[in-house]
Amino acid sequence: MKKLMNDPKNVVEEMVEGYVKAHPDYIKQLPENDRALVTARETSDGKVGILIGGGSGHEPGFLGYVGDGMADGVAVGNIFASPSPDPILEVTKAIDKGAGVVYLYGNYAGDVMNFGMAAEMADLEEDIQVGMAKASDDVASAPKAEKEKRRGIAGEFFIYKAAGAAADFGYDLNEVVRVANKANDNTRSMGVGLSPCYLPQTGKPSFEIEDDEMEIGLGHHGEPGIEKGPLETADRVADRLVQDILADIEINEGDNVVVLVNGLGSTPRMDLYIVFRRVEQILSEKGIKIYRSYVGDYITSLEMGGCSVTLMKLDDELTKMVDHPVDCPMFVQK
Amino acid sequence: MKKLMNDPKNVVEEMVEGYVKAHPDYIKQLPENDRALVTARETSDGKVGILIGGGSGHEPGFLGYVGDGMADGVAVGNIFASPSPDPILEVTKAIDKGAGVVYLYGNYAGDVMNFGMAAEMADLEEDIQVGMAKASDDVASAPKAEKEKRRGIAGEFFIYKAAGAAADFGYDLNEVVRVANKANDNTRSMGVGLSPCYLPQTGKPSFEIEDDEMEIGLGHHGEPGIEKGPLETADRVADRLVQDILADIEINEGDNVVVLVNGLGSTPRMDLYIVFRRVEQILSEKGIKIYRSYVGDYITSLEMGGCSVTLMKLDDELTKMVDHPVDCPMFVQK
Amino acid sequence: MEFSAKDFKDFFKAIVTMVEEEKDYLCELDRKLGDGDHGVTMSIGWQAVNEKLNNELLEEEDCAKVSITVGKTFLSAVGSSVGPLYATGFMRGAKVVKGKTVVNDNDLAEYWIAFAKGIKERGQAEVGDKTMIDTLEPFYIALEKAFAETPDFLTAFTKAVSEAKKGMESTKDLVSKKGRSSRLGERSVGAQDPGATSAFFILSTFLDIAKERTATAS
Amino acid sequence: MEFSAKDFKDFFKAIVTMVEEEKDYLCELDRKLGDGDHGVTMSIGWQAVNEKLNNELLEEEDCAKVSITVGKTFLSAVGSSVGPLYATGFMRGAKVVKGKTVVNDNDLAEYWIAFAKGIKERGQAEVGDKTMIDTLEPFYIALEKAFAETPDFLTAFTKAVSEAKKGMESTKDLVSKKGRSSRLGERSVGAQDPGATSAFFILSTFLDIAKERTATAS
Ligand SMILES: Nc1ncnc2c1ncn2[C@@H]1O[C@H](COP(=O)(O)OP(=O)(O)O)[C@@H](O)[C@H]1O
Ligand SMILES: Nc1ncnc2c1ncn2[C@@H]1O[C@H](COP(=O)(O)OP(=O)(O)O)[C@@H](O)[C@H]1O
Ligand SMILES: [Mg+2]
Ligand SMILES: [Mg+2]
Ligand SMILES: [Mg+2]
Ligand SMILES: [Mg+2]
């Protein structure tokens, strides 16, 4: 393991410090808790607050998505560990504009508990209404019948996009939650891992894999996947990922989708576009229309190698949300 | 070496195909040459055309920077190899709007010869006026007295930014070249490599390095640097890079700079922000003001590990150029 | 047996030491099933607790306050899955000994039952899900039963910890259903759950302290 | 000796074969000094040339047209540093044999002198810069001199190629000044320049063909 870091104990603190210093016109730390970051810009009264968060090591997720059109604040956890309720609660207080706050996070035991506890405190102690929506887009992580058990991976990006836009359009708390859930219901992802990441504090690879192997369906913390197999060509990998997605959600000829080919950290853009090329071929053979494409590192796992493919099926409402402009330090859309 | 690819011989073709399919509202291939890409949007008559290019494997450089506010077209080379004059000439013809075309490229023997030959042909055969500006920002690559011998690395991004804005503002050919050269004169970079990249066709690492070593001043094709040494902390690495830059260009208390901490491919954002944190400390100790910061993968070397730090000293004109909005598939600035 | 706030603090100190020793092992277990950070998370949390023990808690004589502070500190420092779980455990335990500077056998039994039940309530996992509940549920069932039969804490706790051990070991053969490793399905068989392991270590650390105190007292 | 367009084509075919054989070695040399792609680049370029040789050029009888097509094809396919360099070489050589279907000793000597001088003009490198010029400049100087003394192509070319070899080998001990490796400074000492090497291989491939043709003719 080779990293540009100082004391491994301080990586999250130092990253956050660097981040806030790099983008002072976008984001600031709350004095109450240095893991609680909120937009530096004034948000409008009566707008539903969007709060995101999760473990560190997924950058641009999650702190990179605080800004106009996406989230108003983020609670930052340790590496691959949910934030505790403290920063979540502080962010909640800071971004509530009287219309309540929606928490968006991935479906992981830790996040569910910590965000759940924070939501209870916000209600009881602060009298702030909280709505919640969990991303559970990873097809590999549980059978179709148990979608609610699935974990959230790169598809979280679309949930943020949709909910962030809905809040900007003035939707109320329940409506923002509805849109977030609809985005989640319409979103499916499948990932493939080629090489592990290394936790700064242990220096150990997150999983073992041979030079000629790939791991299908692994999680974006390096949790083992559903199947280890020989490394295949980009086209065969894309075939497999898209096939598993399309077996899980009905997308018909003429339907519109947005596509995300997400790098896990150390996969060159070149490889991602080669994968995208095949994804596009498959979809266009089926008459499925790509409304917009995102290719790059959107939610990573430190320096893990590999990628995921995410499709979100669009309706008119989600199309409007996808088109809404965004201005965040790590993601800008005109 | 593990890559998501099909036949290694086709990586560039397939990447370009995927790229154009992913962003059809931004970019298109010219029918004359599939390595010649131009903006899909109409550029205004009389605007100086901005042509960029270089080898592949540096994505988002260079094709990622074609769009509003940056380049109008790009000539795409093989991996780490300058494009030949053919695609350069085709792009030149396509983007000339009567005001001539400016070629922006890095100072490498191959690029100098191929862009030079294309410029001659454009003049002789097509009667199109061509201006040229080369990036030579890498402090490590030649002594200060021989700045014109230095190679261009991540600082090229600032040259594109400045020249692209100048062209948008209606500057004429000579003025665009002047601004590009001024940006280059005011820009310095220093890089550090932690791990090599792998050429798809050879599968070989671009350089050998031990687990506890780093290479100071290496080039962004894996060319060896000026010094191999023990891997140090992020803070010590940042100290070294910034120190070498500041020894090379006079930046005084009260001066404004833009900072780019550029990842070489497989370096997590976390590490880059930890490096940025120290860069900011050093500059603010010296009273140098950071006007704007860019942290992320801007010009990479496939999956190489490491980063570079770039500073561009601002004056009023360059500030205006830096502020100009951009809308490219791989880089958007509001 | 009598157990003071100082004894509680010694117990928590002993966990700090234990965690540093077992950190790598816990990470190794988590690497097989999850994201490989369980030892790191435990270490971050217990180091934060240690800081409190060496400062604010130095003079604290209220058992409940010690336990509450430990829970809250741990949670703040780590979040994660185990933050809410262990924090809830220590806070529910604290409720039982509220206002007491010294606790007796009955209090201790109730403390540990509340601890384990609190975690179960927080996590909503069942035995067989391959989580720390596989350690903690057999533990509290045995503790309740044994203490009801013979109200001697050390005897009952000793029995309960041996059930906890069996429970922990049973996770090796389970297909995991909760938490990050649940998607592993059959591939999770053979690996022992990290949380089930750290939970057992906490209990057995307490057992050691309790034995020591009893030995000194008699 | 007489050399026809077919002979030129055989020569270029022989380069195609040579390049496939030396590809890895050329990459290896470039890995030490540059970006490790010299063999790949040569292979891409000469494979493209091979394609032309097997199609458009099959019936071509004009030596100059063969050489021009080779140069242009190579350049289009690779760009890079060597694209413009070798392309310029083959195109300048072509100029000398313009319109000829068969060339003689004098033409051949002039062809190779124009080839090497063209490359030098294109690249603007000097002997000692650790580039292919270290192979090509001693080569053309020796060729000019030897052919002026005794106008026998094979004899003169043989001498020139042995100077080329010395030049190539001299790059091992040079601090590089041009091209990607120029920033290596002292660290470049000990590594032979890839372009100097491929240039020598091209020349010695021609020498082999020339010897063969002379042997067959006599
Ligand atoms: N719902 C739950 N109930 C009880 N224990 C759980 C639950 N979810 C996870 N755990 C425990 O947490 C452990 C993992 O802890 P840790 O690695 O620190 O957190 P994370 O899973 O957030 O990385 C698991 O081994 C399991 O024992
Ligand atoms: N200006 C120059 N003049 C002559 N030869 C040069 C010049 N620049 C580079 N070369 C040659 O090109 C070789 C490298 O070729 P190659 O690796 O194919 O291209 P690139 O440097 O673009 O990767 C060097 O070894 C050197 O011999
Ligand atoms: Mg974790
Ligand atoms: Mg090259
Ligand atoms: Mg874990
Ligand atoms: Mg090279």
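In what follows, chains carry the letters A, B, and so on, assigned in the order in which the sequence lines appear, proteins first and then strands, with residues in each chain numbered from 1. This is a predicted model, so every value here is computed, not measured.
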Test: side chain to side chain donor-acceptor pair (under 3.5 Å). Region: residues 61-71 of chain C. Which pairs qualify, not counting sequence neighbours? C/Ser67-C/Tyr111
Gap between atom CE of A/Met113 and atom OG of C/Ser80 - 0.5 Å precision: 8.0 Å
Could you tell me the separation between the CE atom of A/Met117 and the CZ atom of C/Arg122, rounded to the nearest 0.5 Å? 4.0 Å
For C/Lys159, is the NZ atom crowded, meaning more than 12 foreign heavy atoms sit under 6.0 Å from it? no
Is the number of heavy atoms from other residues, nucleotides or ligands under 6.0 Å of A/Lys147 NZ greater than 12? yes
Among residues 83-91 of chain A, which residues come closer than 4.5 Å to chain C, judged by heavy atom distances? A/Pro83, A/Ser84, A/Pro85, A/Asp86
Once you round to the nearest 0.5 Å, how far does CG of C/Asp30 lie from CD of A/Glu223? 9.0 Å
Could you check if a side-chain atom of C/Asp24 sits within less than 4.5 angstrom of a side-chain atom of A/Thr202, using non-hydrogen atoms only? no
Please, which pairs that meet ring pair (Phe, Tyr, Trp, His ring centres under 6.0 Å) have at least one residue in residues 129-148 of chain C, sequence neighbours excluded? C/Phe139-C/Phe157
Between A/Gly110, A/Pro196, A/Gly55, which shows the greatest number of heavy-atom pairs under 4.5 Å with chain C? A/Gly110
Taking every non-hydrogen pair under 4.5 Å, which of A/Val112, A/Ile79, A/Leu199, A/Asn33 racks up the most with chain C? A/Leu199
Toward chain A, the part of C/Glu28 with a non-hydrogen atom under 4.5 Å: side chain
Examine whether an atom of A/Asn114 lies under 4.5 Å from a heavy atom of chain C, and if so say whether it belongs to the side chain, the backbone or both; otherwise answer neither. both
For A/Glu17, give me all partners under side-chain hydrogen bond (donor to acceptor under 3.5 Å, both in side chains), at least two apart in sequence or on another chain. B/Arg277
CG of C/Asn55: more than 12 outside heavy atoms within 6.0 angstrom? yes
With a sphere of 6.0 Å drawn around CD of A/Glu148, does it hold more than 12 non-hydrogen atoms of other residues, nucleotides or ligands? yes
Counting only heavy atoms from other residues, nucleotides and ligands, does the tally under 6.0 Å from NZ of A/Lys9 exceed 12? no
To the nearest 0.5 Å, tell me how far C/Ser43 OG sits from A/Gln201 CD. 6.5 Å
Rounded to the nearest 0.5 Å, what separation is found between the CG atom of C/Asp35 and the CZ atom of A/Phe80? 7.0 Å
Examine distances only and state if a side-chain atom of C/Arg31 and a backbone atom of A/Pro205 form a donor-acceptor pair shorter than 3.5 Å. yes
Of the backbone (N, CA, C, O) and the side chain (C-beta and beyond), which part of A/Leu218 lies under 4.5 Å from a heavy atom of chain C, both, or neither? neither
Atom NZ of residue position C/Lys165 - does it have more than 12 heavy atoms of other residues, nucleotides or ligands inside 6.0 Å? no
Please look at C/Ala87 and chain A and tell me whether the side chain, the backbone, both or neither of the residue comes under 4.5 angstrom of a heavy atom of that chain. neither
